[in-house]
K.L.:
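Here you go, one structure.
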There are 2 protein chains.
Amino acid sequence: MRRTRNSLTPKRYSGELALVDRIRSRAGGGRGAALRLGIGDDCALLQIKPGEEIAITTDLSIAGRHFRLDWHPPETVGHRTLARGLSDLAAMGARPLAAFLSLGLPENLIGQRGRIPSWVDRFFDGFLALAADFKTPLAGGDLSGSPVAIADILLVGAVPRGKALLRSGARPGDLLYITGALGGSAAGLDHLQKNQARNFTARNRRPRDGSGSLAAHLWPQPRIPQGLWLERKGAATAAIDISDGLSTDLDHICIESRVGAEIDAVSLPVFRGASLEQALHGGEDYELLFAARPGTRIPARIGGVSVTRIGRIVKAQSGRSRIVLLTNAGPQPLPRHGWEHFA
Amino acid sequence: MRRTRNSLTPKRYSGELALVDRIRSRAGGGRGAALRLGIGDDCALLQIKPGEEIAITTDLSIAGRHFRLDWHPPETVGHRTLARGLSDLAAMGARPLAAFLSLGLPENLIGQRGRIPSWVDRFFDGFLALAADFKTPLAGGDLSGSPVAIADILLVGAVPRGKALLRSGARPGDLLYITGALGGSAAGLDHLQKNQARNFTARNRRPRDGSGSLAAHLWPQPRIPQGLWLERKGAATAAIDISDGLSTDLDHICIESRVGAEIDAVSLPVFRGASLEQALHGGEDYELLFAARPGTRIPARIGGVSVTRIGRIVKAQSGRSRIVLLTNAGPQPLPRHGWEHFA
């Protein structure tokens with residue numbers, strides 16, 4: 001984490017240097033098992049084990065587009081920023097090694113006023129709590145003043161060579177599974193839109209039970225243990241995380257694997273309080289969708305999270321929708337809607 | 001490179017999906033020697049050689065702060081974005097493996113109008129030309145609409161384990177060296193500020209000779225071969241790249257190594273047309289500053305770039321400036337000014 005030089009503006013936010021020091025001390029030197037050198041040099045240095053390869057993912061979040069300063073408590077913005085990156089590692093079956101964070105912040109989000117923690121301090125409360133949960137040190141990043149709040153997260157993970165869960169390995173006959181439940185985050189965002197002013201301050205603590213769609217939206221849990229289980233067992237032929245919605249993310253698997261898919265509507269684990277539409281097209285659930293050969297034993301729970309069979313991979317057929325939803329009223333094509341459907 | 005879902009705004013820029021396709025095809029599948037899986041899955045996968053460790057750096061650039069849309073041709077913004085990251089690898093003695101780029105762009109910078117390439121297409125002209133020069137594939141990233149143009153670059157490199165050039169190894173008695181010349185970028189920016197409207201279109205091609213302060217500012221050359229030479233020879237005890245200005249970056253070495261330094265003003269390689277002040281405090285020269293034991297043979301040129309001895313490391317003394325500038329008028333304390341001095 002070093003401060004970005006603002007080459008074209010002479011004025012630096014007075015709080016920036018102090019903020020870097022606060023982050024460095026809170027990141028605890030930033031050393032994990034794999035992290036040989038963290039914040040404070042030109043680069044961070046990481047080690048992996050022999051036979052491993054490196055998995056890397058980035059996710060950009062921008063105020064007004066991926067979060068709203070007036071809807072999302074800063075702790076949840078920090079949590080969600082890191083959760084998005086960790087979820088991509090989970091979808092590859094990779095173990096997290098380190099996180100890098102680039103922050104662009106308006107001045108009023110940086111400064112501490114007396115004892116009241118600033119927006120960015122509360123952002124790091126949420127970020128570092130989740131980082132601790134998954135033993136993922138903050139190893140570096142960048143910081144700059146910006147007219148709009150942005151957070152770009154980069155996650156580095158390791159996976160045994162050739163064992164990563166790809167999108168491209170699904171074959172006709174494979175069965176489709178999903179962890180947890182779907183549609184909770186979309187239902188929670190819907191709730192947030194309708195009740196944006198109410199109970200705002202009550203939402204900045206991580207709920208103990210983790211139930212409720214609002215918690216699903218604000219405090220999503222990346223499925224790292226489940227991805228690692230699938231990788232270790234060699235149980236999945238393809239995997240992806242649900243970031244854009246089932247209809248869109250399953251379509252990614254179908255395209256990369258050159259197959260089609262059928263979903264059994266009645267079997268979908270719909271989040272309590274969410275609609276079928278939200279379960280099919282809502283995003284940001286960060287559950288794992290994966291395919292497995294029919295003979296592969298998949299337990300009903302992995303790492304304490306339910307696993308549900310929701311359909312199967314079929315041959316791609318020209319003139320037929322790539323994904324078909326099987327309902328009591330008969331089969332229906334399931335085009336990708338993604339999130340726009342609800343916005 | 002995948003498109004970021006804009007979870008809170010229903011409208012997606014119509015050009016975004018097309019842009020991702022253009023980037024994917026221009027990145028050429030994005031596979032290099034180390035890159036096993038590039039753009040198109042949840043993560044990219046990279047391999048390193050046995051005995052290597054991974055070096056990672058990020059740099060955030062924001063319109064109006066690190067570049068100006070009305071001053072910097074888009075090709076140079078792309079070039080400079082990647083050059084900043086590559087320069088950090090050079091300062092560690094690391095060889096580049098892959099680059100990741102997160103872009104946030106206003107709609108008017110994305111769309112192609114007829115045959116006129118958009119801002120972002122020209123950005124990639126500059127970015128990918130430099131990436132080709134240094135055999136650094138674009139392995140992934142993120143893309144989102146944004147009210148302000150931002151580019152966050154992440155570079156991944158590899159370095160033999162324990163051989164990275166750190167800031168912390170300088171010892172009293174070491175001699176200080178700098179590659180190339182200093183102050184050119186600051187002088188070029190000064191020129192740009194005074195002549196912003198003139199010859200704008202003429203600046204979007206990389207100059208053949210690379211001379212002139214404007215070229216130094218717009219098309220800086222990361223010193224990757226020089227950093228690799230220092231790493232291979234084990235010649236440097238400490239190194240850093242000049243991104244914030246000599247006075248600031250040398251101070252980083254002094255702090256991390258717990259030493260002081262003396263600079264001989266008369267020996268400084270000042271860029272033609274730049275002032276001594278610009279050479280001492282100007283940033284973005286992206287030259288390498290390094291320390292070496294007195295007995296280490298350092299050639300006058302490394303990889304075609306001049307190397308100049310500019311001073312020495314001394315013991316840190318309380319009550320004395322950490323860095324002293326030796327001039328004909330006697331020694332002067334050299335506090336870090338960084339870039340603000342000129343802005």
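A note on names: the letters A, B, ... follow the listed sequences, proteins ahead of strands, and every chain is numbered from 1.
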K.L.:
Name the one of S61(B), S243(B), P222(B) that satisfies side-chain contact (heavy atoms from CB on, under 4.5 Å) with R84(B)?
P.N.:
S61(B)
K.L.:
With sequence neighbours left out, what residues match E52(A) under salt bridge (Lys or Arg N to Asp or Glu O under 4.0 Å)?
P.N.:
R95(A)
K.L.:
Just jot down the side chain to side chain donor-acceptor pair (under 3.5 Å) partners of S87(A), sequence neighbours excluded, or say none.
P.N.:
D241(A)
K.L.:
Under 4.5 Å from any heavy atom of chain A, what part of A63(B) do you find: side chain, backbone, both or neither?
P.N.:
neither
K.L.:
Which bit of I150(B) is near chain A, if near means a heavy-atom gap under 4.5 Å: side chain, backbone, both or neither?
P.N.:
side chain
K.L.:
Examine whether an atom of A90(A) lies under 4.5 Å from a heavy atom of chain B, and if so say whether it belongs to the side chain, the backbone or both; otherwise answer neither.
P.N.:
neither
K.L.:
Do you know the tightest heavy-atom contact between V148(B) and S146(B)?
P.N.:
O-OG, 2.6 Å
K.L.:
Pick whichever of V156(A), D152(A), I62(A) has the most heavy-atom pairs under 4.5 Å with chain B.
P.N.:
D152(A)
K.L.:
Would you mind checking which part of A164(A) comes under 4.5 Å of any heavy atom in chain B, side chain (CB onward), backbone (N, CA, C, O), both or neither?
P.N.:
side chain
K.L.:
By a 4.5 Å heavy-atom criterion (distance strictly below it), what part of L154(A) contacts chain B: side chain, backbone, both, or neither?
P.N.:
side chain
K.L.:
In terms of heavy-atom contacts, does CZ of R161(B) have more than 12 from other residues, nucleotides or ligands at under 6.0 Å?
P.N.:
yes
